[in-house]
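Structure record follows, encoded as C-alpha cells.
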Amino acid sequence: MGGRSVLLTSNLPQLQNLIKRDPASYKDEFLQQWNHYNSIRLIFHLNPDEHAQHFRELVAFIAQVATCYPKETAKFPSQISTILLESYGLLSPDTRKALISTMVLLRNKNVITSIELLRTLFPLLPRTTSSSLRSNIRKTILSDIRTANIRTKNHKLNRAIQAMLFGMVENGLEDVSNFGNKGKQKEVGTGTHFGSSDKTAGRGEDAMWAVILTKELWRKGIWDDVKPVSIVAIGCLHPVLKVQSASIHFFLGDDDEKEDSDQEDEEETDVRALHHRREINKKSRSGDKKLQKKLNAAKKKKHGKSEISRSNTNFPALQLLNDPQTFAEKLFTILDRYDKRFTLDHKILIMQLLARVISAHTLFVMPFYSYVQKWLAPKQLRVPSILVALAQSVHALIPPQTLKPVVLKLANEFVHPGVGSEVVAAGINAVTEICRRQPLVMGPRDNDDDDLMKRQKERKQKNAETDDGAQNQALDAMNAVHPEKGKAESNGLGEVEVDGKRFGDKDVDLRPLLNDLIDYRKSKDKTVIAASRGLLHLYRETHPEFLKKRERGKEASLNMKNAVARNLSFGHSASAAADIEGLSLLESHFKQLREEEEETSAESGEDDDEAGWEGWDAESDSDSGSDSEDGWQDVSSDSDGDIELSDSEVENGENEDNDKRKRKETERQERRRDKKAKKEKQRAKEEALKNGQELIEEADNSEVDEHEYEVSEDGEEKMSVDEEEKEEQERKFGQDTSTLATTKILTPADFKLLSELRIQAAQKSIEAGGGNRAKRKLAALEAERKTQNPADDLSASFISENDILGPRKKAKADYAERMASIQKGREGREKFGSRKGKKTKDAPSSSTNKEKARNKPIMMILSSGSVRGKKKASLREKQQKLRAHIDKGKKARK
C-alpha cells in the first residue's frame, strides 16, 4: 500500500485518471495532495519563485478533479482568485497563465459562476503586459458573455458586468488635473478597483478597457440597450485623452479601431476554385451537395458583416443617450474650458459629436456657435470638418439672431474676391446647409427688436448731454417695454445688451447678403455656380419673399400670389396637419381595387353580398320576438308615430336665425372699423415721414429697399384675406381632404405603398413636362425612401465634407489607383490574346498551315526557300514541273 501511494504521488496524471473513474476509492490520495497543496501555497505567498513548477502542477491537478470532491475544494477558486489579484505583479508569466487557465477550467466545469470569473479577469486586463495573455483574457470575457446571452438575455449577469464597467470608467473621472492626459502619467491617485493594488486609474487603463469591451459587445449585438451607451457616454467625459477619443469614435461610427476586434479573419472562400475543382473531379450527387453547401456558407459569410451592421442600426447609440441636454452641456464645457490642452484633431472630434447630438435631439447649446466663430477662417487647418460640425448643429428651433453673426463671419471670410474659387464654393455651401435647417436666418429684423432699437435711439438723442444718464435711461426704457427679457446690461464698449444680445451685431437684415451670394451664379467657376444655384433653389422653395422679384422665378411668384398668408416667423407654429401628403393617391388606388373586385363579384349575384355580412349580428324585424328573451323590451309610443312641433318651437327657431344674422352684421361692422383705423394709422405715418417727425432708422449695414422685396409696412393688409374667403377656402379644403386616415388604420405596408405611389406621380409629372421642380421633388422622394429603409446606413442623414466642398475636378490618380482601375476593368473579361483559331471556330482546333501561309507577309514569302528555288531552277526542272501540272489536269478532267 505504501509503494502504491508513493507511485501515485509522483505521477499526478495517473492519479487524476484513477480519481475520475472511482473518486471514493482514491479519496485518501486526493486529501494527501490537497494538504500538500495548502502547505506549498503558504510557502508560495512568501516566495512565489520557490516550488513554482510543482505548485502549477498541483493547481492543474486539483482543478481537474474539483468536481469529484466539491466539499473539500469549496475554497479553492477563491484562493486562486486572491493570488491573482493580490500578487499578480510578483508572479512569473508561466504562473500567471497557469492560474488564469485554472479559473477558466473551473468555469467550464461549472464550479464557479460567470460573475466570479469575470470579477477576477476584469482587473487583470489593464495590468497585463503580455499581449498574448491579454488577448486570451479578452477572448475569454467576450465568449463567456456571448454564451450566457446566446438564447435569451441574461439580465442578472449583464447588470453585474455593467456595474463593474461603470466602476472602471468612473474611476479617475473626477481628477480634473488629468484633462488632456494621453495616458502616460505615472503619478496617479490612490483609487483602487476590485482589489487591485496597481495604480492604473490615472493612466485611464481601467476606463479604456471598459470602453473597448463595451464597444465590442455592442458591435456583436450582445448588448443593444441604454446601459452600454451610458457607459461610453461617461467615457466621453473622461479626463484621459485616449479614453475620450475611443468613446467619441463609438458615437461617430468610425471604423478606425477594427483592429481591436477579436473576430477571426478567415480567408475568403474562392468560389471559382470550387467550380473548377467540381469540373475536373468525378461527378456525383454527394459532390454537388457538398459544393452547394460550401457556396451557401461562403454567401452567408460574405453578407455576415452587413447583417451585423444592420442590427446595430436598429438601436443607434445617439438616440439612446440618457439626458442628452446635460451630456451636450458637459461636453461643451470640457471643450471650452480645456481648449488649450487638446490637439486640433481632438477638438474637431468633440465638435462633431456635439453637433450630431444637438441635431439628433434638437438641443440648445447657444455658446457653441460663438465658440465656433474663432475657427472660421480659410487658412485654418481642417476647416471643412469644422464647417460640417457647424452646419450639422443647426436645427429649426435655433433662433435666427443666434446664427446671424455666424453667417456674417462665413460670408466675410470665405466669400470675397481675394480667395480662390474652392474657398468661395465651400463658404456658400456652408451657408446653404445652415439655411436649409433654419431658413429664417436670412430674413429681415424681428419687429420686437426694431422697436427696441428705436426706443434706444430715442433715449440717446434726448439724453446726449450726459453719457451716464443716457445709458441708464436707455436701460430703463428697454426694461419697461420688455420686462420678460430680463435686465439690460451694458458691456465695456458701451453697447446695450438684453440677455447678452447685442443689437448692432445680431439684429441685422441679411436679405441683401442673400442676394449677393445668389449673384455668384454668374461666376466662371462651376463649383461656385453650383453652390450659388443651390442656395437660390432653396429659397425659391422655402421663402421666396426673401428674394428680389427678378430672382424668384415664375413658380415661386405664383405660389406667393396664391398663398393665403405670409410665411410664419420664428416662434410661430403652423396649424395642425389636416391630411397626410399624398393620401388621396392611396385612397384612389384602394378605390380602383374595390371597383375591380366589385366587377368580379357582380357575376356571383346576391350570394356574395350575403357573404360580406358574415360574422355580423344583423337581425331582421321578424326576430323581434327573440329580442325580449335577450333582455330587450318593446317600447310603445302614445302617438301614432307623427312628430308634432308646437308654435313656440317654430318661434324659437326664427329667433335663433335672427340672432345669427345680427351677429354677422356686427362682426362685419367691426371689421370695417378696424380697416378704417389701420388706414388712418398708415396715413398718419406717411404724414409724419413727410414732416420729418418719424425717427430715422439707421443700421450698421446699408438700408434695405422694401419695394424690391414687395414687403411694405402695410404688408399685412396686402397679404391678409377676409375671413369669409378663408372660410370658403377651408370648406373647399375640407372637401378635398382625404378621409382615409380617419376610417382606416394605416399599416407600414400602406405607407410603403404610399411612397411608391408618390414617386410614380412625380415621374408622371416629369413626363408631362413638370420641369426642374418636378425632378427635384422626385429626387427628394427617392432620398426619403432610402432613409426609411432600415437596411440603409443612418449616417446618410448627416452632412459630409463633400457636401461642403461641392463637386470638384477629378485629381490625378497615383500609380496604385491607376493599377486598381486597370484590374477592375479586367474583371469579367477573357484573358488578352489572339481571337484566331479555336476561339472563332465551332469545333475547337488550332489554325492550319494553309491559313498561316495565306496570312503570311509578302516580304517573308519572297525571302522563303521555295520562292528562291523557283528563281534558280534550270530549264529541265521547269519542263518537268510543267509536264506534271498538265498530267494532273488531264486526270482531273477524267
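As the structure is a prediction and not an experimental result, all values here were calculated from the model.
Distance NZ/Lys75 to OG1/Thr73: 12.0 Å, rounded to 0.5 Å. With rounding to the nearest 0.5 Å, the separation of NZ in Lys242 from CD1 in Ile212 is 8.5 Å.
Remark: side-chain polar atoms of Ser247 are paired, donor with acceptor, to backbone N or O of Val243 under 3.5 angstrom. The backbone N or O of Leu344 sits nowhere less than 3.5 Å from a side-chain atom of Arg382 that would complete a donor-acceptor pair. Looking only at distances, a side-chain donor or acceptor of Asn281 sits under 3.5 Å from a matching main-chain atom of Arg277.
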Decide yes or no on side-chain contact (heavy atoms from CB on, under 4.5 Å) for Met164 and Arg119, but give the supporting numbers first. CA-CA 8 Å; Met164 286 190 285; Arg119 284 184 182 276; 3.7 Å; yes
Give the intermediate values and the outcome of side-chain contact (heavy atoms from CB on, under 4.5 Å) for residues Lys20 and Gln64. CA-CA 9 Å; Lys20 287 182 179 180; Gln64 288 288 343; 3.2 Å; yes
Residue pair Arg134, Trp209: steps toward the side-chain contact (heavy atoms from CB on, under 4.5 Å) verdict: CA-CA 11 Å; Arg134 186 167 56 241; Trp209 278 108; 3.0 Å; yes
Quick one: do Phe61 and Tyr37 satisfy ring-ring contact (aromatic ring centres under 6.0 Å, His included)? Show the steps, please. CA-CA 10 Å; Phe61 165 74; Tyr37 155 75; over 10 Å; no
For the pair Phe327 and Cys236, evaluate side-chain contact (heavy atoms from CB on, under 4.5 Å) and give the outcome as yes or no after the intermediate values. CA-CA 9 Å; Phe327 173 75; Cys236 292; 3.9 Å; yes
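In this structure, Glu205 does not pair ionically with Arg127, as no charged nitrogen and carboxylate oxygen lie closer than 4.0 Å. Look at Lys824 and Glu827 and you find no salt bridge, because none of the NZ, NE, NH1 or NH2 atoms lies under 4.0 Å from a carboxylate O.
Within 6.0 Å of CG in Asn322 there are 12 or fewer heavy atoms belonging to other residues, nucleotides or ligands. Within a 6.0 Å radius of NE2 in His275, other residues, nucleotides and ligands contribute more than 12 heavy atoms. When the shell of 6.0 Å around NZ of Lys153 is examined, it contains more than 12 heavy atoms from other residues, nucleotides or ligands. Remark: Lys290 NZ is loosely packed, at most 12 non-hydrogen atoms of other residues, nucleotides or ligands lying under 6.0 Å away.
For the residue pair Glu170 / His238, no side-chain donor-acceptor distance below 3.5 Å is found, with atom types taken as modelled. Checking Thr95 against Ser92 by side-chain atom types alone, a donor-acceptor pair falls below 3.5 Å. Donor-acceptor pairing under 3.5 Å is recorded for the side chains of Glu329 and Gln325. Side-chain polar atoms of Ser132 and Ser130 form a donor-acceptor pair below 3.5 angstrom.
For Arg96 and Tyr88, the positive end sits near the middle of the six-membered ring, less than 6.0 Å away and at most 45° from its axis.
Contact detail for Trp218 and Leu320: the closest heavy-atom pair is CH2-CD1, 3.8 Å. In terms of heavy-atom proximity, Leu321 sits nearest to Ala233 at CD2-CB, 3.8 Å.
Using a 4.5 Å cut-off on side-chain heavy atoms (C-beta onward), Leu142 and Ile222 make no contact. Using a 4.5 Å heavy-atom threshold, the side chains of Tyr69 and Ile19 count as touching.
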